[in-house]
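Below is one structure, written out as structure tokens, with a few remarks after it.
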Amino acid sequence: MPGFKWIVNMNLQRKITLLLVLFILIPLLLFGLLYYRSSNQFVMDRTDQETDQVVQLVQQNVDQLLSKYEEQLKSIYEDEDAILQLSEMNRSRSEQPSAADAFNRFLRNYLRGKDDVDSIYLYSNHNVYFADFKGSSYFTAQFDKHPEWQQAVDQAAGKAVWLPTFKLEPNRYNMQSTYYFSVGMQLKNVADTMQKIGTVYMNVKISALDHLIQNVNVSPNGILMLADTDGHVLWHRNTAAYDTSLQELPFYKELLAQKERHMTVQLDNQSFRVSYVPSAYNHWLYLSFIPQSDLNEQSKELRRFFYLTLIAFGGSFILLAFLISRFITRPIRQIALAMKQIHKENVDVKLPAAADDEVGMLQASFNSMRRRINELIQEVRVVSEKEKEAEVRALQAQINPHFVYNSLDTINWVAIDREQDDISGMITALSDIMRYAIRPGEPWIILEEELKWARNYAYLQKIRFEDRFEVVIEASEELLLWKVPRLYLQPYLENAILHGMEHIEEGGIISVTIQPDEKTGGIRTVLKDNGGGIPEHELREITMRRARGIGIYNLDDRLKLEFGPEYGVDICSDIHDGTVVTIILPKVNKQETEASRHEL
């Protein structure tokens, strides 16, 4: 092939080296690369598995802790006197300060011994009972800001509901911001048809989770996080993360939607391996973020071994290929040099047959043939002269279309080789246009081929006129296999470009629309441009067949002559709105195209 001519012109040593590199070294490198990638995948899978084990252990420990808090919350039911007292206060229409104080003391006693529990609140019949050394104002402010908490607890109908982590700003009790997570539950009178008597909330210090998770590491620089399905961050080592909503990150919804619980994402221009373990207890999500740098560190030794092996094998192979090619090609080069001496009419050159292998046989054969060369020199000269004469005749011969196609193909390969894609596209389009235009026979072809020619022609003209216009071609799919006259679009498309776009600097539009014609059952082609239009006197000359350019009205004459007056070409133009050419073609079957071929 023309594109591989440079390989043919290489010397033998380079050819052998190139073949060894192409068919041995490169496959070896590809195999090594695949091995390296599979090893990286193995490291990633192993990391996913180990991370899941660590995160699942954290999830189990946290679930046990939360279950303990839930049992402590439910233990309020064990004090029947407190439940009865709360029911009576709900039924009483007047406030009973002593009873309220007594119930608050009950809640304070309830908190004793629960170091991680910060406070407890009970909302009942528009009254608030609480046990909180800070006073009730801080939590009630948070409670009022989040009405969805009460809605979630009401919907649970007596089941414990774990609420998102919330923050209390610095105050006189705490100089820094403090964080809490809560569990809420409806209280019901078990002695009175399970009637709702209030809602209790227990606020747990975030340090309770710190004790379990703070020292757990999924990787040297990894991140462990707790979140709920709504994207609220429930626990994180960095307290600034509590203000972040994971729902705003695109990967979060995608991670929860897919079946796999692992994916690689880009966050702040850094790649992370993200995994999560869902809790069946309260549907919290335990997420881990392992940076790609940690994964790379795990495969560091593997990469070092791969690179050393690659260098060793690559260097050894190149040296071996050089030595093999050198020892094989040296005797052949000697024969080539001897042949050059004979070419200079030095026939006394003699090669030593140093071995009995194929090269030695070649040297011996050369020596035997050398003796006959003198007798053949004159004959060779005569043959050479004849060959030169044949070359001259070949150069003088007319270039046929196949030679043109092959030349264009060679130029196209050169353009592709030099990454000149625009030149390659132009050459390909020109080659298709020439092949289509001078193809013998077939005056009627399918519409799909005609449109291919039209697009190639428009592409070349668009480049020629520096994108001053656009050509838009639309055709009904059902018509693509119908027969149309070959090159029937050519004169009208050419005139629209050369004359219609003549004074257009930019924004030119030429549209070609091909649809079924309802009136005749044939094909309606409308070619419209937004150019300067045709002056009235020139349009009249075209209509009366007096204008130059026979191709403009030649198609109209042929269609009317062969198929009747309802078919043909109609041209309308306005000096300001451009030109519209309407072509009505008949629906032609195969037999009619064969007959038309003989007539044309």
Side-chain angles (χ1 to χ4, degrees), residues 429-430 432-439 442-465 468-475 479 482-504 508-514 517 522-563 565 567-574 578-586 588 593 596-597 599-600:
L430 178 59
D432 290 343
I433 287 174
M434 292 183 61
R435 185 176 290 107
Y436 180 81
I438 65 176
R439 184 170 60 184
E442 297 187 34
W444 290 76
I445 46 83
I446 61 174
L447 176 61
E448 187 176 23
E449 294 184 14
E450 178 72 5
L451 293 182
K452 180 180 178 182
W453 169 90
R455 290 188 176 97
N456 286 328
Y457 179 79
Y459 168 73
L460 290 177
Q461 292 288 33
K462 181 181 176 184
I463 294 177
R464 174 189 173 190
F465 287 92
R468 287 160 50 186
F469 59 86
E470 292 286 339
V471 179
V472 181
I473 300 177
E474 297 179 352
L479 304 177
W482 283 29
K483 294 283 187 174
V484 297
R486 187 167 64 175
L487 293 175
Y488 85 99
L489 289 173
Q490 188 272 336
Y492 309 100
L493 188 57
E494 180 179 3
N495 276 278
I497 293 173
L498 298 182
H499 301 294
M501 300 293 110
E502 182 178 5
H503 301 294
I504 296 293
I509 296 293
I510 301 174
S511 64
V512 180
T513 305
I514 304 175
D517 183 63
I523 301 174
R524 173 182 291 271
T525 301
V526 178
L527 192 149
K528 181 179 181 181
D529 67 72
N530 64 345
I534 304 174
E536 184 177 355
H537 68 279
E538 291 186 15
L539 183 60
R540 187 165 50 251
E541 292 290 325
I542 294 174
T543 305
M544 298 179 67
R545 306 296 196 264
R546 295 176 181 175
R548 293 183 180 180
I550 189 171
I552 296 178
Y553 49 84
N554 182 46
L555 178 64
D556 181 63
D557 293 340
R558 288 170 52 194
L559 292 174
K560 284 182 169 55
L561 181 63
E562 292 183 32
F563 302 100
Y567 303 101
V569 182
D570 179 66
I571 302 176
C572 297
S573 183
D574 186 274
T579 303
V580 179
V581 178
T582 304
I583 306 172
I584 306 298
L585 299 177
V588 180
T593 59
S596 177
R597 178 183 302 180
E599 293 174 3
L600 296 175

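Of all the heavy atoms in Gly533 and Pro535, the pair that sits closest is O-CD, 3.8 Å. Considering all non-hydrogen atoms of both residues, Trp444 and Pro586 come closest at CH2-CG, 4.4 Å.
Annotation: the span from Lys560 atom NZ to Ile584 atom CD1 amounts to 9.5 Å, rounded to 0.5 Å. The CD1 atom of Ile534 sits 12.0 Å away from atom CD of Glu541, with the distance rounded to the nearest 0.5 Å. Here Ile473 contributes atom CD1 and Ile514 contributes atom CD1; the two are 7.5 Å apart, rounded to the nearest 0.5 Å. Distance CD/Glu536 to OG/Ser573: 10.5 Å, rounded to 0.5 Å. A distance of 8.5 Å separates CG of Asp570 from CG of Asp556, quoted to the nearest 0.5 Å. One distance of note links CZ of Phe465 with CD of Glu502; it measures 8.5 Å at 0.5 Å rounding.
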>> Please evaluate residues Tyr492 and Thr579 with respect to the criterion side-chain hydrogen bond (donor to acceptor under 3.5 Å, both in side chains), reporting the C-alpha separation (whole Å), side-chain torsions for both, the decisive distance (0.1 Å), and the verdict.
In response: CA-CA 10 Å; Tyr492 309 100; Thr579 303; over 6 Å; no
>> Please determine whether side chain to side chain contact (heavy atoms under 4.5 Å, CB included) holds for the pair Leu489 and Leu487, giving the CA-CA distance in whole Å, both sets of side-chain angles, and the decisive distance to 0.1 Å.
In response: CA-CA 5 Å; Leu489 289 173; Leu487 293 175; over 6 Å; no
>> I'd like to know whether Leu527 forms a side chain to side chain contact (heavy atoms under 4.5 Å, CB included) with Leu493, so could you lay out the CA-CA distance, the side-chain angles of the two residues, the decisive distance to 0.1 Å, and finally the verdict.
In response: CA-CA 8 Å; Leu527 192 149; Leu493 188 57; 4.3 Å; yes
>> Using the rule given for side chain to side chain contact (heavy atoms under 4.5 Å, CB included), can you reason through Val569 versus Val581, listing the C-alpha separation, both sets of side-chain angles and the distance that settles it, and then say yes or no?
In response: CA-CA 7 Å; Val569 182; Val581 178; 3.8 Å; yes
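Paired with Leu479 under the rule side chain to side chain contact (heavy atoms under 4.5 Å, CB included), one option of Leu451, Val484, Leu447 passes, and it is Leu447.
Counting heavy atoms from C-beta outward, Leu559 and Leu585 have side chains that approach closer than 4.5 Å. With a 4.5 Å cut-off on side-chain heavy atoms, Lys528 and Ile510 do not count as touching. By the 4.5 Å heavy-atom criterion applied to side chains, Ile497 and Asn495 are not counted as neighbours. Counting heavy atoms from C-beta outward, Ile583 and Tyr488 have side chains that approach closer than 4.5 Å. The shortest side-chain heavy-atom distance between Pro485 and Leu555 falls under the 4.5 Å cut-off.
A salt bridge does not link Glu450 to Arg486: none of the charged nitrogens lies less than 4.0 Å from a carboxylate oxygen.
Arg468 contributes a side-chain N or O that, together with a main-chain N or O of Met501, makes up a donor-acceptor pair within less than 3.5 Å. No donor-acceptor pair under 3.5 Å is formed between the side chain of Asp517 and the backbone N or O of Ile523. In terms of modelled atom types and a separation under 3.5 Å, the side chain of Arg524 and the main chain of Thr513 share no donor-acceptor contact.
Using cut-offs of 30° and 60° on the angle between ring planes, the pair Phe563 and Tyr567 is perpendicular.
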